[in-house]
Amino acid sequence: MNVVVIGNGGHSKVIQEIIRLNGHIIIAVLDDQYQTNFFEDEVIYAPISYIEKLESAYVFQISIAIGDNSIRRQLMELLNLSPSQYLSVIHPTAVISQTAEIGNGTVIMPYAVVNAGAVIKKHCIINSGAIIEHDSLLEDYVHAAPRATITGEVTIGEGAFIGAGATVIPQKKIGAWSIIGAGSTVTSDLPSYCIAVGSPAIVKNNNSIKAERR
């Protein structure tokens with residue numbers, strides 16, 4: 001499968017490696033850091049607008065390789081493509097239950113675990129060593145950072161970020177576009193558009209998050 005990668009930062013480098021490990025061919029890396037298009041090692045590097053030229057010349061799927069949840073959503077809306085055109089990128093060492101559901105455009109990094117009945121919707125990131133336990137639901141654009149643990153029957157709202165090494169205990173709900181600090185332990189339901197840190201996690205309201213995400 002030909003793949004076009006959007007974004008070329010550090011997060012993208014990991015995703016590009018996984019794409020190649022899965023036997024796909026990266027034909028282009030698009031990022032607005034590039035003012036013009038050029039070739040390197042048989043890959044086209046160009047600004048994001050170059051995708052229009054690629055569509056007339058190739059059949060491909062797309063991976064949005066950007067860690068920021070809100071930017072991924074903005075690009076989705078800008079590109080306005082069919083969901084089936086987005087590649088789900090799963091590292092060969094990840095353990096995925098046969099009864100789990102993985103949405104289009106989601107990325108699952110090395111040694112991550114997604115257990116029975118878990119539902120991960122589109123354009124999520126399950127980072128290295130993260131665990132998504134049974135029957136949990138992650139809405140669109142959620143990012144579970146390295147070694148985050150989402151235990152059983154947890155619901156994570158759209159665009160939420162679960163920091164590295166954070167834990168969410170069973171049957172809790174985290175609202176949309178919230179941020180859980182690294183190493184925190186979530187022991188109660190949390191509202192949308194908040195920051196929560198500590199063990200147990202303490203909520204800090206942040207209206208600027210809400211305004212930015214709208």
Side-chain angles (χ1 to χ4, degrees), residues 1-34 36-114 118-128 130 132 137-146 156 158-159 161:
M1 170 61 68
N2 292 330
V3 179
V4 172
V5 176
I6 298 180
N8 200 26
H11 181 73
S12 177
K13 292 176 183 178
V14 179
I15 292 176
Q16 290 177 48
E17 184 176 86
I18 299 171
I19 289 169
R20 292 188 173 103
L21 281 172
N22 287 331
H24 302 306
I25 299 169
I26 296 174
I27 61 170
V29 176
L30 307 183
D31 193 303
D32 284 344
Q33 67 178 293
Y34 305 120
T36 59
N37 58 293
F38 62 94
F39 282 89
E40 186 175 301
D41 297 327
E42 300 184 347
V43 176
I44 302 167
Y45 292 83
I48 293 172
S49 60
Y50 194 81
I51 196 168
E52 296 177 2
K53 294 183 179 179
L54 293 172
E55 287 176 322
S56 64
Y58 298 92
V59 174
F60 57 85
Q61 286 190 291
I62 294 171
S63 176
I64 299 180
I66 295 174
D68 185 284
N69 297 345
S70 60
I71 293 176
R72 285 203 310 286
R73 185 178 71 172
Q74 290 166 14
L75 284 169
M76 272 284 299
E77 294 169 349
L78 175 68
L79 294 170
N80 194 28
L81 300 172
S82 166
S84 64
Q85 196 157 351
Y86 292 98
L87 178 70
S88 295
V89 179
I90 301 174
H91 195 279
T93 63
V95 178
I96 312 294
S97 169
Q98 293 183 349
T99 61
E101 297 180 23
I102 309 297
N104 296 96
T106 282
V107 175
I108 301 181
M109 298 287 198
Y111 302 105
V113 176
V114 181
V119 176
I120 300 173
K121 294 195 174 181
K122 67 177 184 290
H123 296 283
C124 292
I125 299 170
I126 310 304
N127 222 310
S128 303
I132 312 301
L137 168 64
L138 277 62
E139 297 286 358
D140 301 341
Y141 311 110
V142 168
H143 185 163
I156 310 291
E158 177 181 301
F161 177 82

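Just the heavy atoms: all of them, side chains too, but no hydrogens, waters or symmetry mates, feed the values below.
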Rounded to the nearest 0.5 Å, how far apart are CD1 of Ile26 and CE of Met1?
-> 13.5 Å
Residue pair Ile44 / Phe39, side-chain heavy-atom distance below 4.5 Å = yes
Apply side chain to side chain contact (heavy atoms under 4.5 Å, CB included) to Ile51 and Phe60, showing your working.
-> CA-CA 11 Å; Ile51 196 168; Phe60 57 85; 4.1 Å; yes
Do Asn127 side-chain atoms and Ala144 backbone N/O form a donor-acceptor pair below 3.5 Å?
-> no
Inspect the surroundings of CD in Glu77 and state if more than 12 heavy atoms from other residues, nucleotides or ligands are less than 6.0 Å away.
-> yes
Give the ring-plane orientation class for His143 versus Phe161, where under 30° counts as parallel, over 60° as perpendicular and anything between as tilted.
-> perpendicular
Indicate yes or no: at least one non-hydrogen side-chain atom of Leu75 is less than 4.5 angstrom from one of Ile48.
-> yes
Pick from Lys121, Arg72, Arg73: which one makes a salt bridge (charged side-chain N to carboxylate O under 4.0 Å, His left out) with Glu158?
-> Arg73
Is any side-chain heavy atom of Leu138 less than 4.5 Å from a side-chain heavy atom of Ile126?
-> yes
Assess whether atom CD of Glu52 is packed by more than 12 heavy atoms of other residues, nucleotides or ligands within 6.0 Å.
-> no
Value for CG (Leu54) from CD1 (Ile62), rounded to nearest 0.5 Å, stands at 9.0 Å
Return yes when atom OH of Tyr111 has more than 12 non-hydrogen atoms of other residues, nucleotides or ligands closer than 6.0 Å, and no otherwise.
-> no
